[in-house]
Engineer: 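One structure coming up, written as structure tokens, with questions to follow.
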Amino acid sequence: MPPRRRPQYTQESIDQQLQQIHLLDASSSSENLEQLGPIIKQIHANRQQEVYLRNLQALVETKDAEIETICTGNYQEFISSVSTLFTIKSYTTTLREKITTLDESVAHLGKGLVEKKRTQLQSKKTAANLDEAIDTLQACLKLLDVVDRIGDMIKEGRFWSALRSLEDIQTMPLTSLSQTPLYQHLLSSLPSLRVQLQSAVTASMKQWLLEIRNVTVTVGKAAMEAMDARSRKWRSRRERDPMLRLSRVGSAVEMVTYERTHVNVLDNDKIKVDFQPLYQCIHIYMSLDSLDDLRTSYQADRKARRPQEISGFFIIESHVLETTSGFRSEREVEELWDAVVARLSSAISSAVAEEKDPDTFLRVKECLAAFVMTLESYSYSTHSLHSLILVLFERYAGLLEAQSSRKLDEVVSRDDYLPMQATTAFERDSVLSGIWLSALEQESLAKSPLPLNLPWSQSFYLCCQDIRTFIQKFYHFVEGVSQHHANIDDLLTRSLDKLLSNHISHSINKRLQSTSALSQITQIVTNLEYFEVARAELERSLTNLRSTQRGGTIRLASAPFSEPFQQSRRRITALITSKLDDFFDLSEYDWTPQGREATPSMYLYELVNWLTTVVDSLALKDAYKDEAYKEAVGYIAECLMVSFLCWSVTSPMLKQIVEWQNFLVGPNVLMMNENAVANIVTDMTFLEDEITRIGREHLKSSFLELHSMIKIVLSDSVQDYFNPSIRQTSYGEIKPKRLQALLEKLARYGASRRDSPSRETGDKRKREAEALSRLGPTYPSV
């Protein structure tokens with residue numbers, strides 16, 4: 001930017017501005033001096049400019065004088081320099097001329113060399129073009145060779161190499177060959193080569209699938225055999241080590257052990273399944289961006305080919321699923337597995353629908369259990385198969401129960417009910433190991449000297465054996481089944497209750513009805529006692545067994561043998577009392593004797609001797625013998641009591657007793673006197689003494705009512721019986737109707753006599769009997 005020029009003020013412009021100034025204005029009261037300022041500044045500036053110009057002119061004149069002085073002093077040197085320059089110029093012109101001459105000479109000499117060089121360069125260019133043509137031709141030949149070899153590789157099954165060669169052609173760097181028609185033609189042929197490769201590898205995989213189907217059976221068989229060996233080995237180790245009792249095949253502890261001896265069923269000494277064709281096909285299809293097509297084709301093929309050997313089929317599928325990524329869907333395999341398992345379950349259910357042999361169900365279960373454990377090890381869900389096993393188990397348990405029921409019925413019905421004998425230690429130990437006893441009795445019998453008469457009969461031992469066999473078969477079916485413990489326990493409980501109640505107990509009850517031998521019935525009672533002990537021990541042992549398997553508690557029916565037990569005891573009593581009837585012949589009994597006997601009736605000696613001999617010889621516990629004595633003594637007391645009542649029986653129950661006992665032959669006893677009553681006291685006293693002699697004094701209470709009735713009559717204190725307080729405290733055991741019947745018999749005797757005292761006594765007894773009849777129904781009848 002040029003420097004700002006100072007403004008120029010002329011005299012004319014200053015005069016013009018002065019004329020425009022009016023110092024005094026008539027209309028203004030003040031002087032107008034402000035307009036003079038700019039004019040004064042302009043005048044001052046003009047004067048400074050004039051002074052500057054004059055100074056500059058003087059300076060220029062001074063410098064010109066100095067320059068002229070310098071030039072005058074150096075003129076000679078300048079002239080000398082110019083002369084020197086002219087001399088140099090002439091030398092330069094001469095040198096240029098020489099150079100031009102030399103150049104023309106050089107140009108003439110190099111013209112031939114240039115021509116030779118040009119010819120040489122052209123030759124090199126031609127040679128280079130030839131080399132390039134040769135290289136291109138060689139590249140074309142190499143590419144043609146690669147394309148040709150791809151076809152050969154496909155034919156030879158070298159699919160990996162063929163695929164790499166195709167990839168090499170596609171990834172070849174850009175060269176001059178890339179622009180040639182031959183290269184473009186070769187590129188256009190690659191899709192057909194891909195199709196050819198894909199078709200060939202697909203055919204290879206189809207062949208592989210066919211081979212896999214042929215080897216599937218072998219794979220499945222090898223897997224099942226390996227699982228069977230694994231199960232047997234683990235079972236043996238579990239039996240040796242109680243700590244492993246709760247661990248089953250497939251548990252964490254077993255898996256750690258199994259890993260050290262793991263057998264690969266797809267690659268071992270007997271069989272080797274090569275998955276290379278499948279992997280190769282997957283890789284090639286993936287490289288050709290056609291994996292979805294292969295996946296669909298493979299799935300359709302595997303789904304259409306219903307597996308005949310399920311284990312091998314799904315073991316192979318599991319291996320494919322584990323060793324490939326994204327090729328096989330877990331959901332697809334699970335759906336195929338579920339469909340196959342559903343068909344398998346349906347087929348098994350149909351096959352055993354009419355089956356009646358439990359062993360057939362056991363064999364089916366063993367096959368299923370091995371199959372389940374095998375496929376569980378490959379992470380397949382087996383819940384539905386466990387449910388199927390439980391359904392089969394229910395059928396099996398029902399058939400097993402029916403089979404055992406028939407055996408138990410036959411064992412009970414054929415028993416001779418004699419004590420078993422063991423003559424050797426082996427026989428004794430075999431019997432003791434096959435039954436359930438308390439630990440104390442087991443130990444006691446094991447130490448008993450030989451030969452040994454065992455307390456039970458053969459039916460007890462055989463029933464225990466059958467029950468034990470039933471339980472063993474029952475649990476043999478559920479061995480290896482890890483689910484549904486509660487259902488299994490309930491089913492076992494119901495089955496055992498049926499066997500114990502509906503067959504052993506019921507069959508014994510039926511046998512009792514047809515048995516009249518007292519020794520056999522006694523043996524039945526003993527058997528029933530041991531059956532009850534065995535039931536409790538069986539319940540305890542089963543509960544311990546289930547607790548070791550994380551099962552539930554077994555609770556059997558509390559008293560399955562109560563009915564035959566009561567029935568057998570009643571049968572013993574009935575047999576004893578029926579024999580006692582033979583000792584009573586009351587038709588020959590003198591009911592109106594003239595005097596009183598000092599000794600008891602002779603038949604009582606035989607009765608007591610027979611009773612003590614029979615009851616003491618019974619192979620029963622003392623409590624049951626005491627019960628037999630009690631029933632017998634009570635029966636005797638009742639017989640003596642009925643003798644007082646037989647002419648006036650009105651109770652249906654008592655009539656049945658009288659008819660059953662068959663006390664009377666001919667006309668009923670219509671009367672008796674106090675001497676007969678006293679003789680009965682003598683008989684009772686004898687019986688009481690005998691009861692005391694055999695150590696069963698407590699049974700004397702059976703005669704208490706009879707004693708009290710006779711005491712009232714002989715002490716002539718019937719009037720005391722009418723006093724409620726005395727009756728309840730002293731004669732509470734006497735039934736009014738019975739006392740009335742006795743008084744009526746005594747009254748009839750008195751009425752039949754001719755002497756006044758006897759007739760008066762008879763009238764008194766009659767009034768007392770009538771008074772008793774008016775006591776009302778408050779008191780129970782006979």
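Since the structure is predicted, the reported quantities are computational estimates derived from the model, not experimental observations. In what follows, every heavy atom counts, from backbone to side chain, and hydrogens, waters and symmetry copies are set aside.
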Engineer: Under the side chain to side chain donor-acceptor pair (under 3.5 Å) definition, can you give me all pairs with a residue in residues 407-416, not counting sequence neighbours?
Structural biologist: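 For residues 407-416, and leaving out neighbouring residues, the side chain to side chain donor-acceptor pair (under 3.5 Å) pairs sorted by first residue read Asp409-His503, Asp409-Ser507, Glu410-Arg414, Asp415-Ser457, Asp415-Ser459.
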Engineer: Do the side chains of Ile435 and Leu437 get nearer than 4.5 Å, heavy atoms only?
Structural biologist: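 Yes. Closest side-chain heavy atoms under 4.5 Å.
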Engineer: Could you point out which residue of Val320, Val333, Leu209 forms a side chain to side chain contact (heavy atoms under 4.5 Å, CB included) with Arg302?
Structural biologist: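 In the set Val320, Val333, Leu209, the residue that makes a side chain to side chain contact (heavy atoms under 4.5 Å, CB included) with Arg302 is Leu209.
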Engineer: Quick one: ring-ring contact (aromatic ring centres under 6.0 Å, His included) pairs with a partner in residues 394-443, sequence neighbours left out?
Structural biologist: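 Residue pairs with at least one partner in residues 394-443: Tyr396-Phe477.
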Engineer: Can you measure from CD (Gln523) to OG1 (Thr526) and round to the nearest 0.5 angstrom?
Structural biologist: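 These two atoms lie 5.0 Å from each other.
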Engineer: Please check: side-chain N/O of Thr382 versus main-chain N/O of Glu376, any donor-acceptor pairing under 3.5 Å?
Structural biologist: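 No.
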Engineer: Could you check Lys625 against Asp616 for salt bridge (Lys or Arg N to Asp or Glu O under 4.0 Å), going step by step and ending with a plain yes or no?
Structural biologist: CA-CA 7 Å; Lys625 292 181 180 181; Asp616 288 345; 5.5 Å; no
Engineer: Show the nearest heavy-atom pair for residues Ala628 and Val615, with the distance to one decimal.
Structural biologist: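 For Ala628 and Val615, the tightest heavy-atom pair comes out as CB-CG1, 4.1 Å.
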Engineer: Partners of Lys579 by salt bridge (charged side-chain N to carboxylate O under 4.0 Å, His left out), sequence neighbours excluded?
Structural biologist: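 Applying salt bridge (charged side-chain N to carboxylate O under 4.0 Å, His left out) to Lys579 gives Asp582.
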Engineer: Do Glu332 and Leu336 come close enough that some side-chain heavy atom pair is under 4.5 Å?
Structural biologist: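 Side chain of Glu332 against side chain of Leu336, heavy atoms only: no contact under 4.5 Å found.
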Engineer: With the side chain counted from C-beta on, respond yes when Phe531 and Ile508 share a heavy-atom pair under 4.5 Å apart, and no when they do not.
Structural biologist: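 In short, these two side chains touch, coming nearer than 4.5 Å.
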Engineer: Are Pro419 and Leu454 packed together at the side-chain level, in the sense that at least one heavy-atom pair is separated by less than 4.5 angstrom?
Structural biologist: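 Not touching, per the 4.5 Å side-chain cut-off.
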Engineer: Checking Ser444 side chain against Glu441 main chain: does a donor-acceptor pair fall under 3.5 Å?
Structural biologist: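 Not a single qualifying donor-acceptor pair exists.
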Engineer: With sequence neighbours excluded, tell me which residues meet side-chain contact (heavy atoms from CB on, under 4.5 Å) with Lys621.
Structural biologist: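 Listed in chain order: Glu529, Tyr624.
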Engineer: Can Tyr380 and Val372 be said to form a side-chain contact (heavy atoms from CB on, under 4.5 Å), step by step?
Structural biologist: CA-CA 9 Å; Tyr380 284 101; Val372 166; over 6 Å; no
Engineer: Do Gln421 and Asn453 get their side chains close enough for a donor-acceptor pair, meaning under 3.5 Å?
Structural biologist: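 Distance-only check passes for Gln421 and Asn453.
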Engineer: Do the side chain of Arg395 and the main chain of Val352 share a donor and acceptor less than 3.5 angstrom apart?
Structural biologist: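 It does hold such a pair.
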Engineer: What I'd like to find out is whether the side chain of Phe361 reaches to under 4.5 Å of the side chain of Lys365, using heavy atoms alone.
Structural biologist: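 No; the side chains remain at least 4.5 Å from each other.
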Engineer: Please step through salt bridge (Lys or Arg N to Asp or Glu O under 4.0 Å) for the pair Arg343 and Asp338, ending with a clear verdict.
Structural biologist: CA-CA 9 Å; Arg343 291 198 300 269; Asp338 293 339; over 6 Å; no
Engineer: For Trp337 and Phe314, I'd like to know if the aromatic rings sit close, meaning centre-to-centre distance below 6.0 Å.
Structural biologist: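 Yes, close enough.
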Engineer: Centres of the Phe393 and Phe474 rings: under 6.0 Å?
Structural biologist: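 Yes, the ring centres sit under 6.0 Å apart.
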Engineer: First locate atom CG of Asp626, then atom CD of Glu631, and finally report the distance between them rounded to the nearest 0.5 Å.
Structural biologist: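 Between atom CG of Asp626 and atom CD of Glu631 there are 10.5 Å.
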Engineer: State plainly whether the residues Arg331 and Glu334 are in salt-bridge range, i.e. N to O under 4.0 Å.
Structural biologist: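 Not counted as a salt bridge, because no side-chain N and carboxylate O are separated by less than 4.0 Å.
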Engineer: Taking only residues two or more places apart in sequence or in another chain, which ones pass ring pair (Phe, Tyr, Trp, His ring centres under 6.0 Å) with His506?
Structural biologist: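 Once residues adjacent in sequence are excluded, His506 has no partner under the ring pair (Phe, Tyr, Trp, His ring centres under 6.0 Å) criterion.
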Engineer: Going by the angle between their ring planes, with limits at 30° and 60°, are Phe275 and His319 parallel, tilted or perpendicular?
Structural biologist: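 Rings of Phe275 and His319: tilted, 30 to 60°.
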Engineer: Please name the pair of heavy atoms, one in Val265 and one in Ile271, separated by the smallest distance, quoted to 0.1 Å.
Structural biologist: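 Taking Val265 first and Ile271 second, the nearest heavy atoms are O-CG2, 3.4 Å.
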Engineer: List the steps and the verdict of side-chain contact (heavy atoms from CB on, under 4.5 Å) for Val431 and Met420.
Structural biologist: CA-CA 10 Å; Val431 172; Met420 288 187 67; 4.1 Å; yes
Engineer: Can you tell whether the side chains of Asp301 and Arg213 come within less than 4.0 Å, N to carboxylate O?
Structural biologist: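 Counted as a salt bridge, because a side-chain N and a carboxylate O are separated by less than 4.0 Å.
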Engineer: Decide yes or no for Asp466 and Ser404: does some side-chain heavy atom of the first lie under 4.5 Å from some side-chain heavy atom of the second?
Structural biologist: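 Contact flag for Asp466/Ser404 side chains = no.
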Engineer: Run Arg535 and Leu500 through side-chain contact (heavy atoms from CB on, under 4.5 Å) and show every step you take.
Structural biologist: CA-CA 8 Å; Arg535 183 205 63 82; Leu500 296 177; 3.9 Å; yes
Engineer: Ignoring hydrogens and angles, tell me if any N or O in the side chain of Ser384 forms a donor-acceptor pair with the backbone of Val341 under 3.5 Å.
Structural biologist: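 Absent.
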Engineer: Only pairs at least two apart or in different chains count here, so list each side chain to side chain donor-acceptor pair (under 3.5 Å) that has a residue in residues 346-356.
Structural biologist: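 Pairs touching residues 346-356 that pass the test: Glu355-Thr360.
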Engineer: Is the closest side-chain heavy-atom distance between Leu368 and Ile348 below 4.5 Å?
Structural biologist: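 With C-beta onward as the side chain, the pair touches.
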Engineer: Within this structure, what is the CD1-CG distance for the pair Ile467 and Leu496, rounded to the nearest 0.5 Å?
Structural biologist: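 Ile467 atom CD1 to Leu496 atom CG measures 6.0 Å (nearest 0.5 Å).
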Engineer: Could you pull out the closest heavy-atom pair between Leu321 and Arg328, with the gap in Å?
Structural biologist: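 The pair with the smallest heavy-atom distance is CD1-O, 3.1 Å.
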Engineer: Do Thr423 and Glu427 get their side chains close enough for a donor-acceptor pair, meaning under 3.5 Å?
Structural biologist: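 Looking only at side-chain atoms, Glu427 and Thr423 do form a donor-acceptor pair, the distance falling under 3.5 Å.
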Engineer: Can you check side-chain contact (heavy atoms from CB on, under 4.5 Å) on Tyr629 and Ile694, steps first, answer last?
Structural biologist: CA-CA 10 Å; Tyr629 272 119; Ile694 63 177; 3.5 Å; yes
Engineer: Inspect the contact between Lys630 and Glu627 and indicate whether a charged nitrogen and a carboxylate oxygen are less than 4.0 angstrom apart.
Structural biologist: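 So Glu627 does not pair with Lys630 through a salt bridge.
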Engineer: May I ask you to test the Lys498-Ser405 pair for a side-chain heavy-atom distance under 4.5 Å?
Structural biologist: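 Result no, sub-4.5 Å side-chain heavy-atom pair not found.
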Engineer: Side chains of Asn509 and Gln513 only: does a donor on one sit below 3.5 Å from an acceptor on the other?
Structural biologist: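 The answer is no; no qualifying pair exists.
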